[in-house]
Chemist: 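Got a structure for you, written out below as structure tokens; questions coming shortly.
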Amino acid sequence: MDPVTNPYAPGAGTRPPELAGRDEIRRRVTTCIARLIRGRSDKSVLMVGLRGVGKTVLLDQMRKDVEAIGARTIRIEAPEDRSLPAILSPQLRVALLSLSRVESAKDLAKRGLQALAGFVSAMKVTYKDIQVGIDAEAIPGLADNGDLESDLSDLLETCGQAAKSAETALVIFIDEMQYIEELQFGALISALHRCNQKELPLTVIGAGLPQLLARAGNAKSYAERLFDFPMIGPLDSESAGVAISKPAIEEGVEFEAEAIERIVEHTHGYPYFLQEWGKHAWDVAEESPITAKDVQSATVTALAALDESFFRVRFDRLTPAEKRYMRAMAELGPGPHRSGDIASQLNVKVTSLGPTRNNLISKGMVWSPSHGDTAFTVPLFDEFMMRIMPTE
């Protein structure tokens, strides 16, 4: 088998050769944006799911989908160590400059830039990480009061007015939304609420780990009325099989049915892992069709690759106490697990584990599906923990 023609693409946010099983959610988002462009209201969409389900890939594909129907877009990722104003302001500047080149939107886009100038000036006092410069003169009293919720609402309202005058929609794509600090998240929700009330074509399409739903509710109680929260999970067996077989067929290569079954079994249908197993199965196979024996050999190299990168980069962020906590979870299985069971596994009082659990949630390593339960955010991480820490 020629490694140069290997079609599989495991990587962070790398688009797979076949985006199988996601047509419905893509149609849902495209319909939402098409309605906004036509002056009709619709809910923003925040996708939630574990690591490795392809949320980032979906966001990027959705951005292409809505740009194809005439929407203007910006794309940001929420890191753990920067404020929402710092990452949002430069991209809003780009969007407003683009809208200013539309004759019908020129004046309102200019006003939007003036609002952004005031916003940046006021927010620099509170958030020291804002570095963008705005070539516009601020209007006193417009988005410059120093209150994030009020100012962000003013700013996004002016952006929405500019988009409406250009007969388009402005769509803000945000990845890793679970890292947005709660007060800042609340301000964003409030700003979107105002745009919704004023029927302005501005919305957010976001993605994050499963705790995003609870964080949105904690930030603003009415969040569930502004957003849909579709759960993005592993692919079903049929879609997973297509994700493996179709790219190979396009290269003139086939998989035996049993080989595909083994890959789906090992990966549990998670898109990132499908790409990893597909890549390694291709590389170890000598000829078409790729067999179950090839997959058996590929499993060894695929797991080694995951252990060195996908899993290891997350493991290395953990403190010794956090590693022991997650090793105890792994001993109990994939999860979710009751806090009392984890404490029993560690032979400590459940109350003593609260800070460790909270830190792991903040790092995006675990989440709470329900009160008192804890689950991994990374699929197959329980198996990795057993390999990396084989004994207590």
Side-chain angles (χ1 to χ4, degrees), residues 32-33 35-46 66 71-76 83-102 104-124 126-127 130 132 134 136-174 177 180 183-206 216 219-220 222-223 225-227:
C32 166
I33 304 310
R35 286 177 57 83
L36 289 179
I37 292 174
R38 288 161 177 76
R40 299 182 181 275
S41 63
D42 210 333
K43 288 184 178 181
S44 298
V45 174
L46 303 186
V66 303
R72 303 295 180 102
T73 70
I74 60 176
R75 167 76 154 80
I76 60 177
S83 69
L84 179 63
I87 59 175
L88 185 58
S89 298
Q91 295 302 315
L92 284 178
R93 176 180 178 272
V94 171
L96 288 165
L97 287 172
S98 175
L99 288 170
S100 71
R101 292 191 285 270
V102 179
S104 61
K106 183 181 298 184
D107 290 342
L108 285 171
K110 180 181 178 181
R111 180 176 172 82
L113 287 167
Q114 292 173 314
L116 182 58
F119 177 81
V120 166
S121 176
M123 289 301 112
K124 279 183 177 179
T126 304
Y127 303 100
I130 301 177
V132 63
I134 308 297
E137 185 177 348
I139 299 175
L142 179 60
D144 66 352
N145 295 312
D147 177 77
L148 178 60
E149 184 166 318
S150 172
D151 290 349
L152 187 59
S153 294
D154 287 347
L155 175 59
L156 292 193
E157 181 181 346
T158 60
C159 292
Q161 289 169 341
K164 185 175 183 178
S165 64
E167 298 182 345
T168 186
L170 178 56
V171 188
I172 304 172
F173 287 86
I174 311 178
M177 287 189 70
I180 299 177
L183 289 177
Q184 297 172 40
F185 199 176
L188 177 62
I189 294 171
S190 180
L192 291 172
H193 189 207
R194 183 188 295 186
C195 289
N196 187 270
Q197 289 174 316
K198 293 182 175 292
E199 299 181 335
L200 296 174
L202 185 149
T203 196
V204 165
I205 304 297
K220 289 292 179 182
Y222 54 78
R225 300 196 297 275
L226 284 178
F227 299 106

Chemist: More than 12 non-hydrogen atoms from neighbouring residues, nucleotides or ligands closer than 6.0 Å to NZ on Lys110, yes or no?
Modeler: no

Chemist: Of Ile134, Asp144, Asp151, which meets side chain to side chain contact (heavy atoms under 4.5 Å, CB included) against Phe119?
Modeler: Asp151

Chemist: The test is side chain to side chain contact (heavy atoms under 4.5 Å, CB included); show your working for Leu36 and Val171 and say whether it passes.
Modeler: CA-CA 10 Å; Leu36 289 179; Val171 188; 5.8 Å; no

Chemist: Is there side-chain contact between Ile139 and Arg111, with at least one heavy-atom pair below 4.5 Å?
Modeler: yes

Chemist: Does the pair Thr203 and Asn196 meet the rule for a side chain to side chain contact (heavy atoms under 4.5 Å, CB included), with working shown?
Modeler: CA-CA 8 Å; Thr203 196; Asn196 187 270; over 6 Å; no

Chemist: Are side-chain heavy atoms of Val102 and Thr168 found at a separation under 4.5 Å?
Modeler: no

Chemist: Decide side-chain hydrogen bond (donor to acceptor under 3.5 Å, both in side chains) for Ser104 and Ser165; before the verdict, give the C-alpha distance in whole Å, the side-chain angles of both, and the deciding distance to 0.1 Å.
Modeler: CA-CA 6 Å; Ser104 61; Ser165 64; 5.2 Å; no

Chemist: Is there a side-chain contact between Val66 and Ile205 (heavy atoms, below 4.5 Å)?
Modeler: no

Chemist: By side-chain hydrogen bond (donor to acceptor under 3.5 Å, both in side chains), which residues pair with Lys106, not counting sequence neighbours?
Modeler: Glu103

Chemist: Does any non-hydrogen side-chain atom of Met177 lie less than 4.5 Å from one of Leu188?
Modeler: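 Yes; the side chains approach each other to less than 4.5 Å.
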
Chemist: Asp154 and Arg194: side chain to side chain contact (heavy atoms under 4.5 Å, CB included), yes or no, with the steps?
Modeler: CA-CA 9 Å; Asp154 287 347; Arg194 183 188 295 186; 2.6 Å; yes

Chemist: How far does CZ of Arg72 sit from CG of Leu96, to the nearest 0.5 angstrom?
Modeler: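 If I round to the nearest 0.5 Å, the distance is 11.0 Å.
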
Chemist: Stepwise, does the side chain to side chain contact (heavy atoms under 4.5 Å, CB included) test hold for Ile74 with Val94?
Modeler: CA-CA 8 Å; Ile74 60 176; Val94 171; 5.6 Å; no

Chemist: How would you list, by chain and number, every residue that makes a salt bridge (Lys or Arg N to Asp or Glu O under 4.0 Å) with Arg93, sequence neighbours excluded?
Modeler: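 Checked Arg93 against salt bridge (Lys or Arg N to Asp or Glu O under 4.0 Å); matches are Asp135.
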
Chemist: Are there over 12 heavy-atom neighbours, none belonging to Arg75, within less than 6.0 Å of that residue's CZ?
Modeler: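 Enclosed: over 12 neighbouring heavy atoms sit under 6.0 Å from CZ of Arg75.
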
Chemist: In Å and rounded to the nearest 0.5 Å, what is the CG to CD distance from Leu113 to Glu137?
Modeler: 13.0 Å

Chemist: Could you tell me which residues satisfy side chain to side chain contact (heavy atoms under 4.5 Å, CB included) with Asp107, sequence neighbours excluded, listed by chain and number?
Modeler: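 By the side chain to side chain contact (heavy atoms under 4.5 Å, CB included) rule, Asp107 matches no residue at all.
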
